[in-house]
Amino acid sequence: MTQYNYQDQYEQTAHAYPQQPQHQQPQQPQQSAALAGQFAQRFQLLAGNIERVIRGKHEAIELALICLFAEGHLLIEDVPGTGKTTLARSLAASVDAEWRRIQFTPDLLPSDITGVSIFNQAHQKFEFHQGPVFANIVLADEINRASPKTQAALLEVMEERRVTVDAEPHPVPRPFLVVATQNPVDMDGTYPLPEAQLDRFLMKISVGYPDHVSEVEVLKGGPTGPQVERLPVVARATDVAGMIDFASRIHVADPVYDYIVGLCGATRTSPHLRLGASPRGSLALLRAARVKAAAAGRHYVVPEDVKALAVPVLAHRLILTPEAELREVGAVSALGEILAGMPVPQAA
């Protein structure tokens, strides 16, 4: 396996941050290490605050926060009653930012999400009235219950962070996160998300049932325990924006770039997969790995960051071949085979 010292390579190239504005002075490795430590503290503070309501789901909470700081979007798919909506609400309550909830139903219209232009008789002109998507955190509850036309209303805003109405763009605030939920059961009258929209979600996760100890704690807490409405705000929107900017400057060594590209490329040639990960998937995996490194208090990415996030970032972007479906080979298992066969560059 390739031997590589990621931290030394970072120190050799710390003067070059392509994402950094030219008017700013480049950060020194010691300064970046200190900022990474502060990032990790704030990240864990947010995670701990959410865990006051969502018990025993530390991994799901961390993945949701990674989506927030990677400027991605999160799709939560699980059976009813496991805390999908509560997770999204707890995240919104922990950040002093504007959030909106949209209940997706079959009669929901695209304008109910994005907004509509209304003629103002006093001024004799059309005025745009913003829809609920103009918020920092948007909860799209049961997204698969709306028609494809309504689902498509989110395509532009999720990718470009703006809504175009009457040929005029309207940007959404920053940070911007869409948390969508859907149930894998009771599929009558639902509309599965198309691949183009699934590809716009940075991650797809499941909350799952709590373990025995965590469920006992939930029962003991009952109505007097911590509730979403009582969660304290532990971060401002400006704090989140600053953490997003810092995470985008986390150093990535050349072997890590090669590992990401090789991993995504292998999904396109796998005999189990009809459609592999797109370049958008490669970029999503890179952004998520940077945030995971910062959350661990590091100012550089290691291949283990990429490997740990490969399944939640890439699995929902893959389409199985008919033969794989007949053999009941899932996207997760196919991706697991690729990860097992892909050489991981090791630090010297």
Side-chain angles (χ1 to χ4, degrees), residues 46 49-55 57 60-61 63-68 71-95 97-116 130-159 161 163 172-173 175-194 196-210 218 226-231 312 316:
L46 277 166
N49 196 54
I50 298 172
E51 280 188 291
R52 296 175 62 185
V53 175
I54 305 293
R55 304 292 182 88
K57 295 299 174 184
I61 292 171
L63 291 175
L65 289 173
I66 288 174
C67 275
L68 174 64
E71 289 196 295
H73 306 289
L74 179 64
L75 177 61
I76 309 176
E77 182 180 79
D78 216 327
V79 295
T82 53
K84 301 184 298 296
T85 304
T86 305
L87 173 58
R89 291 181 59 202
S90 301
L91 174 60
S94 300
V95 180
E98 188 175 6
W99 81 284
R100 293 287 186 271
R101 180 179 184 271
I102 307 172
Q103 182 63 53
F104 278 66
T105 56
D107 60 346
L108 191 71
L109 299 176
S111 58
D112 295 331
I113 299 174
T114 59
V116 64
Q130 296 181 348
V133 77
F134 286 87
N136 297 110
I137 299 176
V138 178
L139 171 57
D141 213 0
E142 295 189 286
I143 189 173
N144 57 333
R145 295 201 176 277
S147 66
K149 182 178 180 180
T150 302
Q151 292 174 359
L154 289 173
L155 288 175
E156 180 188 15
V157 68
M158 289 177 64
E159 181 67 19
R161 286 170 167 74
V163 173
V172 294
F176 177 68
L177 169 70
V178 173
V179 181
T181 68
Q182 65 178 11
N183 298 325
V185 296
D186 189 19
M187 300 296 291
D188 293 339
T190 62
Y191 303 88
L193 295 177
Q197 188 156 7
L198 283 173
D199 202 36
R200 282 165 167 78
F201 284 99
L202 183 78
M203 292 184 192
K204 179 183 176 182
I205 67 171
S206 296
V207 178
Y209 293 114
V218 172
Q227 298 179 2
V228 176
E229 294 79 8
R230 301 176 185 174
L231 281 180
H316 65 283

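Below, each value reflects all heavy atoms present in this structure, side chains not excepted, and no hydrogens, waters or symmetry copies.
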Evaluate the criterion side-chain contact (heavy atoms from CB on, under 4.5 Å) for residue pair Leu139 and Thr85; output intermediate values, then yes/no. CA-CA 8 Å; Leu139 171 57; Thr85 304; 3.6 Å; yes

Quick one: do Cys67 and Leu177 satisfy side-chain contact (heavy atoms from CB on, under 4.5 Å)? Show the steps, please. CA-CA 8 Å; Cys67 275; Leu177 169 70; 4.3 Å; yes

Pair Thr86-Val53, side-chain contact (heavy atoms from CB on, under 4.5 Å): steps then yes or no: CA-CA 8 Å; Thr86 305; Val53 175; 3.5 Å; yes

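His73 places a side-chain N or O within donor-acceptor distance of the main-chain N or O of Val178, the cut-off being under 3.5 Å. For the pair Lys84 (side chain) and Val79 (backbone), a donor-acceptor distance under 3.5 Å is present. A donor-acceptor pair is defined here as one N or O able to donate and one able to accept, closer than 3.5 Å; no such pair exists between the side chain of Asn136 and the backbone of Ala97. Here the side chain of His316 pairs a donor or acceptor atom with the backbone of Leu198 at under 3.5 angstrom. Asp112 places a side-chain N or O within 3.5 Å of a backbone atom of Leu109 that can act as its donor or acceptor partner. Remark: side-chain polar atoms of Ser206 are paired, donor with acceptor, to backbone N or O of Glu77 under 3.5 angstrom.
Atoms OG and CG, on Ser90 and Leu46 in that order, are 11.5 Å from each other to the nearest 0.5 Å.
Contact record, Gly72 with Arg161: N-NH2, 4.0 Å, taken as the closest heavy-atom pair. Contact between Ile205 and Ala60 at its shortest, heavy atoms only, is CD1-O, 3.9 Å. The shortest heavy-atom contact between Pro148 and Tyr191 is CD-CD2, 3.5 Å. Leu74 approaches Ala64 most closely through the heavy-atom pair CD2-CB, 3.7 Å. In this structure, Ala135 and Pro132 approach most closely via the heavy-atom pair CB-O, 4.0 Å. Of all heavy-atom pairs between Val157 and Phe176, the closest is O-CE2, 3.6 Å.
Between Thr105 and Gln103, some side-chain heavy-atom pair lies under the 4.5 Å cut-off. Between Ile54 and Lys57, the closest side-chain pair of non-hydrogen atoms falls below 4.5 Å. Put simply, the side chain of Phe104 does not reach to within 4.5 Å of the side chain of Asn144, judged on heavy atoms. Side-chain atoms of Thr150 and Ile113, non-hydrogen and from C-beta on, do get closer than 4.5 Å to each other. Side-chain contact between Val133 and Arg100: absent, with no pair of heavy atoms (C-beta onward) separated by less than 4.5 Å.
Salt bridge Glu229/Arg89: present, at least one basic N to carboxylate O contact under 4.0 Å.
In summary, of the residues considered (Val95, Ile61, Leu231, Leu91), a side-chain contact (heavy atoms from CB on, under 4.5 Å) with Asn49 occurs for Leu231 alone. Each of Asn183, Leu87, Val207 was compared with Asp78 under the side-chain contact (heavy atoms from CB on, under 4.5 Å) criterion, and only Val207 meets it.
Annotation: side chain to side chain contact (heavy atoms under 4.5 Å, CB included) contacts of Gln197 (sequence neighbours excluded): Ile143, Gln151, Leu154, Leu155, Met158, Leu193, Pro194, Phe201.
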